[in-house]
Amino acid sequence: MELNRRTVIAGAAAAGVAATALGGTAYAAPGRGRPARTLFGRLADGTKVHSWALENGGTRMEVLSYGGIVRSLEIPDRRGRYTNVSLGFGTIEEYVASSPYFGALIGRYGNRIDKGRFTLDGTAYQLSVNDGENTLHGGAQGFDKRVWDVEPFTRGSDVGLHLYYTSVDGEMGYPGTLRTKVTYTLTRDGDWRVDYEATTDRATVVNLTSHVYWNLAGEGSGSIHDHELTVDASRYTPVDAGLIPTGELARVAATPFDFRRAKPVGRDIRTAHQQVLYGQGFDHNWVLDKGITARPEHVATLRDPSSGRTLRIATNEPGLQFYSGNFLDGTLVGTSGRVYRQGDGLCLETQHFPDSPNQPSFPSTVLRPGRTYRTTTVHSFGA
(Lines give C-alpha, C1' and ligand atoms only; values in the text may rest on other atoms or scores of the structure.)
Protein backbone atom coordinates (compact mmCIF):
# COMPACT_ATOMS: atom_id res chain seq x y z
CA MET A 1 0.00 0.00 0.00
CA GLU A 2 1.29 3.44 -0.89
CA LEU A 3 1.57 5.59 2.21
CA ASN A 4 0.24 9.13 2.34
CA ARG A 5 -0.16 11.50 5.26
CA ARG A 6 -3.54 10.10 6.32
CA THR A 7 -2.39 6.47 6.33
CA VAL A 8 0.78 7.43 8.22
CA ILE A 9 -1.21 9.21 10.91
CA ALA A 10 -3.77 6.40 11.14
CA GLY A 11 -1.01 3.84 11.50
CA ALA A 12 0.72 5.83 14.21
CA ALA A 13 -2.53 6.22 16.12
CA ALA A 14 -3.21 2.49 15.91
CA ALA A 15 0.25 1.70 17.24
CA GLY A 16 -0.11 4.23 20.01
CA VAL A 17 3.34 5.72 19.47
CA ALA A 18 5.49 7.06 16.64
CA ALA A 19 9.27 6.80 16.75
CA THR A 20 11.33 9.83 15.88
CA ALA A 21 14.48 9.63 13.79
CA LEU A 22 16.32 11.68 16.41
CA GLY A 23 17.46 9.51 19.28
CA GLY A 24 14.65 6.95 18.91
CA THR A 25 12.34 8.86 21.26
CA ALA A 26 8.75 7.63 21.22
CA TYR A 27 5.96 10.19 21.00
CA ALA A 28 2.32 9.75 21.88
CA ALA A 29 -0.04 9.24 18.98
CA PRO A 30 -1.15 12.50 17.32
CA GLY A 31 -3.87 14.20 19.27
CA ARG A 32 -5.24 17.57 20.25
CA GLY A 33 -5.08 19.49 23.50
CA ARG A 34 -4.61 22.94 24.89
CA PRO A 35 -1.09 24.27 24.18
CA ALA A 36 1.27 23.71 27.12
CA ARG A 37 3.64 26.40 28.42
CA THR A 38 7.07 25.93 30.01
CA LEU A 39 9.88 28.32 30.92
CA PHE A 40 12.54 28.25 28.18
CA GLY A 41 14.94 30.82 29.66
CA ARG A 42 15.48 34.43 30.60
CA LEU A 43 16.92 37.41 28.77
CA ALA A 44 19.82 39.37 30.27
CA ASP A 45 17.37 41.82 31.87
CA GLY A 46 15.48 38.97 33.55
CA THR A 47 12.55 38.87 31.11
CA LYS A 48 11.07 35.37 30.98
CA VAL A 49 10.91 33.56 27.65
CA HIS A 50 8.34 30.78 27.47
CA SER A 51 8.03 27.79 25.19
CA TRP A 52 4.63 26.60 23.97
CA ALA A 53 4.03 23.02 22.81
CA LEU A 54 1.20 22.32 20.36
CA GLU A 55 0.02 19.14 18.67
CA ASN A 56 -2.79 18.43 16.24
CA GLY A 57 -3.49 16.29 13.21
CA GLY A 58 -0.12 14.59 13.34
CA THR A 59 1.95 17.79 13.50
CA ARG A 60 3.88 18.86 16.60
CA MET A 61 5.27 22.37 17.15
CA GLU A 62 7.28 24.24 19.74
CA VAL A 63 6.98 28.06 19.68
CA LEU A 64 8.90 30.62 21.75
CA SER A 65 7.50 33.92 23.03
CA TYR A 66 10.85 35.42 21.97
CA GLY A 67 10.47 36.40 18.32
CA GLY A 68 7.47 34.13 17.84
CA ILE A 69 10.14 31.58 16.95
CA VAL A 70 9.14 28.15 15.69
CA ARG A 71 11.87 26.22 17.51
CA SER A 72 10.80 22.84 16.19
CA LEU A 73 8.18 21.35 13.91
CA GLU A 74 7.84 17.58 13.83
CA ILE A 75 6.12 15.62 11.06
CA PRO A 76 6.19 11.93 10.00
CA ASP A 77 7.92 10.45 6.99
CA ARG A 78 6.44 7.82 4.68
CA ARG A 79 6.95 5.18 7.39
CA GLY A 80 5.40 7.22 10.16
CA ARG A 81 8.72 8.19 11.75
CA TYR A 82 8.76 11.65 13.28
CA THR A 83 11.57 14.17 13.13
CA ASN A 84 12.03 17.91 13.55
CA VAL A 85 12.23 19.62 10.12
CA SER A 86 12.96 23.19 11.35
CA LEU A 87 16.44 24.51 12.18
CA GLY A 88 16.91 26.06 15.61
CA PHE A 89 18.91 26.32 18.84
CA GLY A 90 18.88 24.69 22.24
CA THR A 91 19.03 27.83 24.41
CA ILE A 92 17.71 31.39 24.48
CA GLU A 93 21.28 32.66 24.76
CA GLU A 94 22.07 31.25 21.31
CA TYR A 95 19.01 32.89 19.75
CA VAL A 96 19.97 36.26 21.24
CA ALA A 97 23.66 36.02 20.34
CA SER A 98 23.78 34.75 16.80
CA SER A 99 20.56 33.54 15.22
CA PRO A 100 20.18 34.14 11.47
CA TYR A 101 16.42 34.53 12.07
CA PHE A 102 15.86 30.81 12.73
CA GLY A 103 12.09 30.23 12.80
CA ALA A 104 11.28 33.86 13.64
CA LEU A 105 8.46 36.27 12.92
CA ILE A 106 9.81 39.09 10.75
CA GLY A 107 8.72 42.74 10.86
CA ARG A 108 8.00 45.51 10.49
CA TYR A 109 9.38 44.90 7.04
CA GLY A 110 10.51 41.50 5.82
CA ASN A 111 13.45 41.53 3.44
CA ARG A 112 15.58 44.53 2.41
CA ILE A 113 15.04 48.27 2.07
CA ASP A 114 17.67 50.15 0.09
CA LYS A 115 19.98 52.13 2.38
CA GLY A 116 17.25 51.97 5.04
CA ARG A 117 15.47 54.96 3.48
CA PHE A 118 12.07 55.65 2.02
CA THR A 119 9.72 58.60 1.55
CA LEU A 120 6.03 58.40 2.43
CA ASP A 121 3.55 61.24 1.91
CA GLY A 122 6.43 63.65 1.36
CA THR A 123 8.30 62.76 4.57
CA ALA A 124 11.69 61.01 4.42
CA TYR A 125 12.43 58.25 6.94
CA GLN A 126 15.77 56.74 7.93
CA LEU A 127 15.56 53.24 9.35
CA SER A 128 17.95 51.15 11.39
CA VAL A 129 20.64 49.82 9.02
CA ASN A 130 21.84 46.28 9.76
CA ASP A 131 22.83 44.66 6.44
CA GLY A 132 25.75 46.61 5.07
CA GLU A 133 24.18 49.91 4.08
CA ASN A 134 20.67 48.44 3.91
CA THR A 135 17.87 47.53 6.32
CA LEU A 136 17.09 43.81 6.59
CA HIS A 137 14.05 42.24 8.27
CA GLY A 138 13.01 45.35 10.19
CA GLY A 139 16.39 46.55 11.45
CA ALA A 140 18.81 45.72 14.25
CA GLN A 141 15.99 45.05 16.75
CA GLY A 142 13.19 43.75 14.57
CA PHE A 143 10.16 41.73 15.59
CA ASP A 144 12.36 38.61 15.69
CA LYS A 145 14.13 40.03 18.77
CA ARG A 146 11.02 41.09 20.72
CA VAL A 147 9.14 39.16 23.38
CA TRP A 148 5.56 38.67 22.22
CA ASP A 149 2.48 38.29 24.40
CA VAL A 150 1.05 34.82 23.78
CA GLU A 151 -2.52 33.62 24.25
CA PRO A 152 -3.27 29.92 23.63
CA PHE A 153 -6.61 28.80 22.21
CA THR A 154 -8.65 25.81 21.14
CA ARG A 155 -11.39 26.42 18.59
CA GLY A 156 -13.46 23.52 17.37
CA SER A 157 -10.94 20.98 16.10
CA ASP A 158 -8.11 23.56 15.87
CA VAL A 159 -5.45 24.52 18.41
CA GLY A 160 -3.11 27.46 18.31
CA LEU A 161 -1.56 30.62 19.65
CA HIS A 162 -2.37 34.30 19.30
CA LEU A 163 0.82 36.39 19.45
CA TYR A 164 0.68 40.14 20.11
CA TYR A 165 3.29 42.86 19.82
CA THR A 166 2.95 46.67 19.73
CA SER A 167 5.73 48.52 17.91
CA VAL A 168 5.80 52.14 19.07
CA ASP A 169 6.06 55.14 16.77
CA GLY A 170 9.69 55.58 15.69
CA GLU A 171 10.86 52.09 16.63
CA MET A 172 13.74 51.23 14.27
CA GLY A 173 12.82 54.46 12.45
CA TYR A 174 9.36 53.39 11.24
CA PRO A 175 6.46 55.85 11.56
CA GLY A 176 3.30 55.07 13.49
CA THR A 177 2.41 52.81 16.39
CA LEU A 178 1.79 49.39 14.84
CA ARG A 179 -0.37 46.91 16.73
CA THR A 180 0.37 43.43 15.45
CA LYS A 181 -1.43 40.13 15.95
CA VAL A 182 -0.15 36.88 14.46
CA THR A 183 -2.10 33.65 14.85
CA TYR A 184 -0.48 30.23 14.59
CA THR A 185 -3.07 27.48 14.06
CA LEU A 186 -2.59 23.73 13.83
CA THR A 187 -5.64 22.30 12.07
CA ARG A 188 -7.22 18.87 12.42
CA ASP A 189 -5.38 17.89 9.20
CA GLY A 190 -2.01 18.93 10.65
CA ASP A 191 -1.70 22.10 8.56
CA TRP A 192 0.16 25.05 10.06
CA ARG A 193 -1.74 28.23 9.24
CA VAL A 194 -0.31 31.70 9.90
CA ASP A 195 -2.64 34.72 9.94
CA TYR A 196 -1.04 38.17 10.15
CA GLU A 197 -2.94 41.31 11.20
CA ALA A 198 -1.80 44.86 11.93
CA THR A 199 -3.22 48.35 12.41
CA THR A 200 -1.50 51.72 12.66
CA ASP A 201 -2.23 55.26 13.86
CA ARG A 202 0.00 56.83 11.15
CA ALA A 203 0.78 55.90 7.58
CA THR A 204 3.61 53.34 7.58
CA VAL A 205 4.98 50.38 5.62
CA VAL A 206 4.42 46.76 6.66
CA ASN A 207 5.62 43.43 5.28
CA LEU A 208 5.35 40.56 7.77
CA THR A 209 6.60 37.03 7.17
CA SER A 210 7.99 33.89 8.81
CA HIS A 211 11.62 32.79 8.56
CA VAL A 212 11.54 29.04 9.21
CA TYR A 213 14.54 27.16 7.82
CA TRP A 214 13.24 23.87 6.41
CA ASN A 215 15.05 20.57 6.05
CA LEU A 216 12.47 17.87 5.38
CA ALA A 217 15.03 15.11 5.88
CA GLY A 218 15.45 16.33 9.45
CA GLU A 219 17.18 19.17 11.24
CA GLY A 220 20.94 18.58 11.29
CA SER A 221 20.79 15.87 8.61
CA GLY A 222 22.88 17.75 6.03
CA SER A 223 22.24 19.53 2.75
CA ILE A 224 18.85 20.34 1.23
CA HIS A 225 20.30 20.45 -2.28
CA ASP A 226 18.52 17.20 -3.19
CA HIS A 227 15.13 18.57 -2.08
CA GLU A 228 12.84 19.06 -5.06
CA LEU A 229 11.17 22.47 -5.32
CA THR A 230 8.33 23.79 -7.44
CA VAL A 231 7.38 27.49 -7.49
CA ASP A 232 4.45 28.75 -9.54
CA ALA A 233 6.23 31.84 -10.84
CA SER A 234 7.22 32.87 -14.35
CA ARG A 235 9.19 35.91 -13.18
CA TYR A 236 11.48 36.99 -10.37
CA THR A 237 13.00 40.28 -9.21
CA PRO A 238 16.72 40.50 -10.10
CA VAL A 239 18.97 42.27 -7.58
CA ASP A 240 22.13 44.34 -7.50
CA ALA A 241 25.29 43.39 -5.59
CA GLY A 242 23.63 44.50 -2.33
CA LEU A 243 20.64 42.19 -3.02
CA ILE A 244 18.33 45.16 -3.62
CA PRO A 245 15.85 44.66 -6.51
CA THR A 246 16.66 46.55 -9.69
CA GLY A 247 12.96 47.06 -10.42
CA GLU A 248 12.91 44.58 -13.29
CA LEU A 249 10.52 41.64 -13.36
CA ALA A 250 12.66 39.16 -15.27
CA ARG A 251 11.48 35.91 -16.81
CA VAL A 252 12.72 32.70 -15.21
CA ALA A 253 12.71 30.78 -18.50
CA ALA A 254 16.16 29.48 -19.48
CA THR A 255 17.68 30.60 -16.15
CA PRO A 256 18.57 28.83 -12.89
CA PHE A 257 15.46 30.52 -11.42
CA ASP A 258 13.00 28.35 -13.33
CA PHE A 259 11.27 26.13 -10.77
CA ARG A 260 7.96 25.90 -12.63
CA ARG A 261 8.59 22.17 -12.81
CA ALA A 262 10.04 20.33 -9.84
CA LYS A 263 13.82 20.16 -9.79
CA PRO A 264 16.49 19.62 -7.14
CA VAL A 265 17.44 22.82 -5.33
CA GLY A 266 21.11 22.15 -5.99
CA ARG A 267 20.87 21.43 -9.72
CA ASP A 268 21.70 24.98 -10.85
CA ILE A 269 22.93 26.51 -7.61
CA ARG A 270 26.56 26.61 -8.79
CA THR A 271 25.77 27.97 -12.24
CA ALA A 272 27.88 31.00 -13.22
CA HIS A 273 24.80 33.23 -13.53
CA GLN A 274 25.35 36.77 -12.22
CA GLN A 275 22.24 36.64 -10.04
CA VAL A 276 23.33 33.36 -8.45
CA LEU A 277 26.76 34.88 -7.85
CA TYR A 278 25.23 37.93 -6.15
CA GLY A 279 23.23 35.71 -3.79
CA GLN A 280 25.92 33.04 -3.36
CA GLY A 281 23.04 30.79 -4.30
CA PHE A 282 19.35 31.65 -4.29
CA ASP A 283 18.27 34.66 -2.21
CA HIS A 284 15.63 36.20 -4.43
CA ASN A 285 11.96 37.07 -4.63
CA TRP A 286 9.79 35.09 -7.05
CA VAL A 287 6.84 36.99 -8.55
CA LEU A 288 3.98 34.55 -8.08
CA ASP A 289 1.84 34.02 -11.17
CA LYS A 290 -1.39 34.28 -9.18
CA GLY A 291 -0.64 37.79 -7.87
CA ILE A 292 -2.47 39.08 -4.77
CA THR A 293 -5.52 36.95 -4.03
CA ALA A 294 -8.44 37.18 -1.63
CA ARG A 295 -7.71 33.73 -0.22
CA PRO A 296 -4.56 31.62 0.06
CA GLU A 297 -3.74 29.75 -3.15
CA HIS A 298 -1.10 27.09 -3.68
CA VAL A 299 2.23 28.56 -4.83
CA ALA A 300 5.05 26.14 -3.97
CA THR A 301 5.85 22.52 -3.15
CA LEU A 302 8.98 21.18 -1.48
CA ARG A 303 9.73 17.45 -1.36
CA ASP A 304 12.49 15.38 0.21
CA PRO A 305 12.90 12.20 -1.87
CA SER A 306 14.70 10.31 0.91
CA SER A 307 11.90 10.56 3.49
CA GLY A 308 8.94 11.29 1.23
CA ARG A 309 8.04 14.34 3.33
CA THR A 310 6.40 17.17 1.43
CA LEU A 311 5.57 20.78 2.23
CA ARG A 312 2.92 22.62 0.24
CA ILE A 313 2.56 26.37 0.68
CA ALA A 314 -0.54 28.45 -0.05
CA THR A 315 -0.73 32.22 0.42
CA ASN A 316 -2.56 35.34 -0.70
CA GLU A 317 0.74 37.25 -0.95
CA PRO A 318 2.23 38.21 -4.36
CA GLY A 319 5.82 37.11 -3.69
CA LEU A 320 7.92 34.26 -2.32
CA GLN A 321 11.50 34.78 -1.15
CA PHE A 322 13.47 31.58 -1.66
CA TYR A 323 16.69 31.60 0.37
CA SER A 324 18.89 28.51 0.07
CA GLY A 325 20.79 28.91 3.35
CA ASN A 326 23.84 30.38 1.64
CA PHE A 327 25.26 32.13 4.70
CA LEU A 328 25.20 29.19 7.12
CA ASP A 329 28.93 28.94 7.68
CA GLY A 330 29.60 26.07 10.07
CA THR A 331 29.79 28.25 13.19
CA LEU A 332 26.28 27.47 14.54
CA VAL A 333 25.24 24.29 16.35
CA GLY A 334 21.59 23.26 16.14
CA THR A 335 19.16 21.47 18.41
CA SER A 336 20.48 18.08 17.27
CA GLY A 337 23.99 19.01 18.38
CA ARG A 338 25.13 19.08 14.76
CA VAL A 339 26.82 22.00 12.99
CA TYR A 340 24.88 23.90 10.30
CA ARG A 341 26.77 24.39 7.06
CA GLN A 342 25.88 26.15 3.82
CA GLY A 343 22.70 24.70 2.34
CA ASP A 344 21.63 22.76 5.44
CA GLY A 345 18.24 24.50 5.41
CA LEU A 346 16.16 26.71 3.14
CA CYS A 347 13.53 29.41 3.63
CA LEU A 348 10.33 30.00 1.66
CA GLU A 349 9.11 33.40 2.86
CA THR A 350 5.70 34.52 1.60
CA GLN A 351 5.69 38.32 1.31
CA HIS A 352 5.37 41.49 -0.71
CA PHE A 353 8.46 42.35 -2.70
CA PRO A 354 11.76 43.60 -1.22
CA ASP A 355 12.31 47.39 -1.27
CA SER A 356 8.71 48.05 -2.29
CA PRO A 357 8.66 51.45 -0.48
CA ASN A 358 11.24 52.63 -3.06
CA GLN A 359 9.78 50.79 -6.08
CA PRO A 360 6.56 52.48 -7.28
CA SER A 361 5.90 49.69 -9.80
CA PHE A 362 5.81 47.01 -7.08
CA PRO A 363 2.61 46.22 -5.13
CA SER A 364 2.25 48.75 -2.32
CA THR A 365 3.16 47.91 1.29
CA VAL A 366 1.68 51.12 2.72
CA LEU A 367 -0.75 50.75 5.64
CA ARG A 368 -2.90 53.72 6.66
CA PRO A 369 -4.99 54.47 9.76
CA GLY A 370 -8.43 52.90 9.61
CA ARG A 371 -7.21 49.99 7.48
CA THR A 372 -6.17 46.53 8.64
CA TYR A 373 -3.20 44.65 7.20
CA ARG A 374 -4.17 40.99 6.71
CA THR A 375 -2.32 38.14 5.04
CA THR A 376 -2.44 34.37 5.42
CA THR A 377 -0.06 31.54 4.65
CA VAL A 378 -0.86 27.83 5.03
CA HIS A 379 1.76 25.09 5.29
CA SER A 380 0.45 21.59 4.49
CA PHE A 381 2.55 18.49 5.18
CA GLY A 382 2.50 15.04 3.66
CA ALA A 383 4.56 11.92 3.10
Side-chain angles (χ1 to χ4, degrees), residues 32-56 60-73 86 88-89 91-96 99 101-110 128 137-156 158-187 192-202 204-212 367 369 371-377 379:
R32 181 180 70 87
R34 188 170 181 82
R37 188 183 79 165
T38 57
L39 181 65
F40 184 70
R42 296 176 186 266
L43 301 182
D45 65 1
T47 301
K48 293 180 180 179
V49 173
H50 289 103
S51 169
W52 293 86
L54 301 82
E55 180 178 2
N56 202 15
R60 299 168 58 99
M61 288 181 68
E62 181 186 356
V63 177
L64 303 182
S65 56
Y66 180 81
I69 288 169
V70 176
R71 182 171 173 264
S72 69
L73 195 151
S86 173
F89 288 128
T91 67
I92 188 59
E93 289 78 13
E94 291 169 293
Y95 282 107
V96 172
S99 175
Y101 306 100
F102 284 149
L105 285 174
I106 302 299
R108 289 189 190 191
Y109 199 96
S128 164
H137 294 332
Q141 295 290 322
F143 288 6
D144 60 294
K145 296 178 178 64
R146 308 293 181 173
V147 176
W148 293 63
D149 293 326
V150 181
E151 176 186 318
F153 69 86
T154 58
R155 183 178 57 235
D158 296 339
V159 300
L161 304 171
H162 298 303
L163 299 100
Y164 301 91
Y165 178 68
T166 297
S167 175
V168 298
D169 183 28
E171 184 175 279
M172 296 295 103
Y174 292 90
T177 294
L178 190 78
R179 300 184 183 280
T180 307
K181 175 184 177 183
V182 179
T183 301
Y184 289 169
T185 304
L186 286 185
T187 72
W192 173 39
R193 177 182 174 115
V194 186
D195 293 286
Y196 304 90
E197 298 180 31
T199 59
T200 184
D201 60 0
R202 289 179 60 193
T204 192
V205 295
V206 186
N207 190 29
L208 306 180
T209 190
S210 171
H211 210 287
V212 171
L367 177 66
R371 305 296 298 271
T372 300
Y373 170 99
R374 289 190 178 93
T375 72
T376 298
T377 295
H379 309 78

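Ring pair F143/Y165: centre-to-centre distance below 6.0 Å.
Contact annotation: the side chain of L54 approaches that of V63 to within less than 4.5 Å [non-hydrogen atoms, C-beta and beyond]. Residues L186 and W192 have side chains in contact (heavy-atom distance under 4.5 Å, counting atoms from C-beta outward). Here the side chains of V194 and H379 are in contact, with some heavy-atom distance below 4.5 Å. Using a 4.5 Å heavy-atom threshold, the side chains of Y196 and L105 count as touching. Contact of the H50 side chain with the L39 side chain is registered, since non-hydrogen atoms from C-beta on lie closer than 4.5 Å. Using a 4.5 Å heavy-atom cutoff, the side chains of L73 and V212 are not in contact. With contacts defined as side-chain heavy-atom distances shorter than 4.5 Å, the pair R193/Y184 does not qualify. With contacts defined as side-chain heavy-atom distances shorter than 4.5 Å, the pair T166/Y164 does not qualify.
When every heavy atom of W52 is checked against every heavy atom of L161, the shortest pair comes out as CB-CD1, 3.8 Å. Heavy-atom minimum distance, V159 versus E55: CG2-O, 3.8 Å. Considering every non-hydrogen atom in both A104 and D144, the closest pair reads CB-CB, 3.5 Å. The minimum heavy-atom distance between R108 and L208, with the atom names listed, is O-CD2, 3.8 Å. Of all non-hydrogen atoms in S128 and A140, the two that sit nearest each other are OG-N, 2.9 Å. Across every non-hydrogen atom of M172 and Q141, the tightest pair is SD-N, 3.3 Å.
Of the possible donor and acceptor atoms, one in the side chain of Y95 sits under 3.5 Å from a partner among the backbone N and O of F89. Listed for the T204 side chain is a donor-acceptor partner under 3.5 Å among the backbone atoms of P175. At distances below 3.5 Å, not a single donor-acceptor pair connects side-chain atoms of R37 with backbone N or O atoms of P152. D201 places a side-chain N or O within donor-acceptor distance of the main-chain N or O of T177, the cut-off being under 3.5 Å. S51 places no side-chain N or O within donor-acceptor distance of the main-chain N or O of F40, the cut-off being under 3.5 Å.
Of the listed residues (T376, T377, T185, T183), just one forms a side chain to side chain donor-acceptor pair (under 3.5 Å) with D195, and that residue is T376.
Residues satisfying the salt bridge (charged side-chain N to carboxylate O under 4.0 Å, His left out) test with D149, not counting sequence neighbours, are none. Shown here are the side-chain contact (heavy atoms from CB on, under 4.5 Å) partners of R371, two or more places apart in sequence or in another chain: L367. Remark: S72 pairs with E62, E74, N84 by the side-chain contact (heavy atoms from CB on, under 4.5 Å) rule, at least two apart or across chains.
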Would you sort out whether K145 and Y101 count as a side chain to side chain contact (heavy atoms under 4.5 Å, CB included), showing the intermediate values? CA-CA 9 Å; K145 296 178 178 64; Y101 306 100; 4.1 Å; yes
Pair Y66, V96 - check side chain to side chain contact (heavy atoms under 4.5 Å, CB included), show working. CA-CA 9 Å; Y66 180 81; V96 172; 3.7 Å; yes
For the pair I69 and F102, evaluate side chain to side chain contact (heavy atoms under 4.5 Å, CB included) and give the outcome as yes or no after the intermediate values. CA-CA 7 Å; I69 288 169; F102 284 149; 5.6 Å; no
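In this structure, the separation between CZ on R71 and CD1 on I92 is 10.0 Å, given to the nearest 0.5 Å.
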